[in-house]
Novice: 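Below are the structure tokens for one structure; questions will follow.
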Amino acid sequence: MSEQVYAEIVVDVPVRNVDRVFSYIVPADLFPAIKFGMRVIVPFAGRKVTGYVVGFSGITQVSQEKLKPVLAVLDNEPVITEELWTLARWMKAYYLCTLAQALKCMVSPAVRVKAAGSYTGLWIGFADNQLAQVLAKLNRSPKQSAVIKAAAGQPGLSPKALADQVGVSSATVSALVGKGLLQARTTSVRRNPYPIKPTGIPGPVLTPEQAYCAGEIIRAIESSQSQVFALHGITGSGKTEIYLNVIARALVLGRKTLITVPEIALTGQMVNTFKERYGDTVAVLHSALSAGERYDEWQRIRNGDSKIVLGTRSAVFAPLSGPGLLIIDEEHEAAYKQDDQARYHAREVALQRAKLSGAVVILGSATMSLESYCRAQKEGPYRYLSIENRIEQKPLPQIKTIDLRAETHKGNPGIFSLALLQKIEEKIRLKEQTILFINRRGFSPIVICRDCGFVLKCPHCDISLTYHSDLTLRCHYCNYISPVINKCSNCASEQLRFAGTGTQKVEEEIRHIFPSAGVLRMDADTTSRKGAHAEILKNFLDGKADILIGTQMLAKGLNLPNVTLVGVINADTTLHMPDFRAAEKTFQLLTQVAGRAGRGEKPGEVIIQTYNPEHYSIKAALNNSYKDFYAQEMIIRRELGYPPFSRLIRIILSSTQSALVQSGAFLLKECLLEAQRDFNPHGPDILGPAPAPLHKIKEKYRWQIVLKGKQALILRQLAAKGIDIFESRQGNRLLSIIVDVEPQNMM
DNA sequence: AGCACGCCGACT
DNA sequence: GTCGGCGTGCTC
Ligand SMILES: [Zn+2]
Ligand SMILES: [Zn+2]
């Protein structure tokens, strides 16, 4: 008998105090089956839990009486590769999550179904030449005879299909199977979510700009440089065609590609394009697939049948061995940030994966994040590639702003400016369509002056102050408090109102003003039912309404050719949201929304209503100038020390007991200050505690502390140390701590 | 997280 | 007398 082997196991318990590797005895009978990266069942603190095998050892420090054996092996093949295990450890260090949380992100598609898909077909259970004889025996059961005849004529039908075709119940069919006159054969089939055949039609010839970009990226792949490319190209500039060309070359070189898109709605058209070009080597991963489909796609990736993986956020963990090319399309999208558990950003994970495997990365966007763009300047480290021209020389939509302050001065107290109403009326008359866009994402009660557009901001953080029911205005970063004002601090006007309107209110008013117009509304309320989203869009596309009113979900990727007018009801809700990225989000949103107008033959028009028409983010969107926006925004970020000039970590405390959270938040601040003494005097800033913008979620009250510092490593160490001290001082289990490294939103 | 162990109030 | 409340500790 050989020496005892111990398995190193990460248990699937997502809490910090069991976040380490445990040793277990590998019993002799499991020794042949157990492999690195498989899931197992182990005894743990008096119960059975799932664990991940992350190593083996011949020795252990753990005393014999503590050691317990692995009880069972769950997988036939590993679900975690060595590369993903390295990535999980990186995630723990970078995002301050647990190993179990990180590993769970990676195996989620493989979790559910363990059985392969199968298909059962029916064949006659006797030789062909005996058919007449069998039918003769069945002459007193006409239904059974008919089934036999059908099965002989069309062998291999499923029981259900056979019964349906003959028009009998499935009991008749099973009776024949029971008699042995029909024989069932079960074969395994792959569940293919997108059965699309390659067309064989070669892609279009690249424009010189496209060809240059593709050429540069291909050169990096060929010379095996681990280079990151920031690919900047407006909507319609043909980024996808560049991806396709680069991927083609990668395929020839035997390199695998991973490409992510920000949301499921955008996968559809992309999958079509990819499968038409590359067929079955494309695998798709997103949460809208059935469990079986997801499992099968995941298997195809793992065993190497698929060389191109396309998916949403969690697809960055696709188990392809040694990816050679990672593409993050629309890299600026906040949807790439996971909002719970391990709060990772798919772009950052992809960059890390590329570093580990020496892959090339493409970060594609029309409105690149400041973080990425500033790393793509002359000094690097990214290479900047841009496409300036659109493929079809369609004119850009005509964009203009409407100054809502002027409407106030004219005595118009409504939601709509006169100019917008006139335009809508004109479009109704011309039988063209209008989209009215309302931003609700990141909505907070912000007080705005309707005479001058002024919004009170925190003197320390430059963040809009939000209204609280205790009649204070507060900064959600540092908890600066101002009493509610009755007069504008800028112009002394008393015309102060909350910024923004709901979709229902807008719909009401529009119906009132245009009683005979067809109006559809698309928001969280009207799309909660499954399929409602698609239904509303179809109705609008079919011309069943003149006006579509909607939120965020309207902004992306839609191609509505008869829409010639897009109205942004109030740009200020985005511009003044209490987030240091408010201006960036405004620029991105307006640019994206503008792209919805004039998709068809007729040119489009965009009207943006705002109290701040002179704001640089709005002006830059109007002029389609990313560079103007970037230059201005970088000045402000630098001044205030926000990313990309610093890093942030947000720590959220929550509990059903409001007093507990508040006192906990102040204690945590003390612990962080104490931890900070170990770092140099110019260590990170500790802002807050402050009530979180969404102060109460699902009966839980939330307070937050924001850490801001130049060095990412020190910032993380400070957070970890502060929380350790905090947990050593108070162990109330009703208080939970969430750490959000590099938050994308502060809600 | 979740289970065991442990020490105090009202119940057959 | 004990059944069970949930505060604290630990998990190979
Ligand atoms: Zn004012
Ligand atoms: Zn502040």
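Below, chains carry the letters A, B, ... as their sequence lines are ordered, and counting in each starts from 1.
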Novice: Between A/Arg39 and A/Asp12, does at least one N-O distance fall below 4.0 Å, as a salt bridge requires?
Specialist: no

Novice: Please identify the 5'-most and 3'-most nucleotides of DNA chain C with any atom under 4.0 angstrom from a heavy atom of chain A.
Specialist: C/dT8 to C/dC12

Novice: Nearest-Å distance, CZ (A/Phe44) to P (B/dA1)?
Specialist: 13 Å

Novice: Check whether A/Phe645 forms a cation-pi arrangement with A/Lys710 (NZ or CZ under 6.0 Å from the six-membered ring centre, at most 45° off the ring normal).
Specialist: no

Novice: Using a distance-only test with no angle check, is there a side-chain donor-acceptor pair under 3.5 angstrom linking A/Tyr24 and A/Glu8?
Specialist: no

Novice: So for A/Arg733 and B/dA1, does any side-chain atom that can act as donor or acceptor lie under 3.5 Å from a complementary atom in the base?
Specialist: no

Novice: Classify A/Tyr24 by what it touches in the nucleic acid, base, sugar-phosphate, or nothing, heavy-atom distance under 4.0 Å.
Specialist: sugar-phosphate

Novice: Using atom CD of A/Glu727 as one end and atom C1' of B/dA1 as the other, report the distance to the nearest whole Å.
Specialist: 14 Å

Novice: Can we say A/Lys669 and A/Glu674 salt-bridge, meaning some charged N sits less than 4.0 Å from an Asp/Glu carboxylate O?
Specialist: no

Novice: Between A/His476 and A/His695, does the ring centroid distance fall short of 6.0 Å?
Specialist: no

Novice: Can a side-chain donor-acceptor contact be found between A/Arg343 and A/Gln338 if the only test is distance below 3.5 angstrom?
Specialist: no

Novice: For A/His533, check ring pair (Phe, Tyr, Trp, His ring centres under 6.0 Å) against everything at least two apart and list the hits.
Specialist: none

Novice: For residues A/Tyr344 and A/Tyr336, establish whether the separation of their ring centroids is below 6.0 Å.
Specialist: no

Novice: Looking at residues 7-18 of chain A, who's got a heavy atom less than 4.0 Å off DNA chain B?
Specialist: A/Val13, A/Val15, A/Asn17

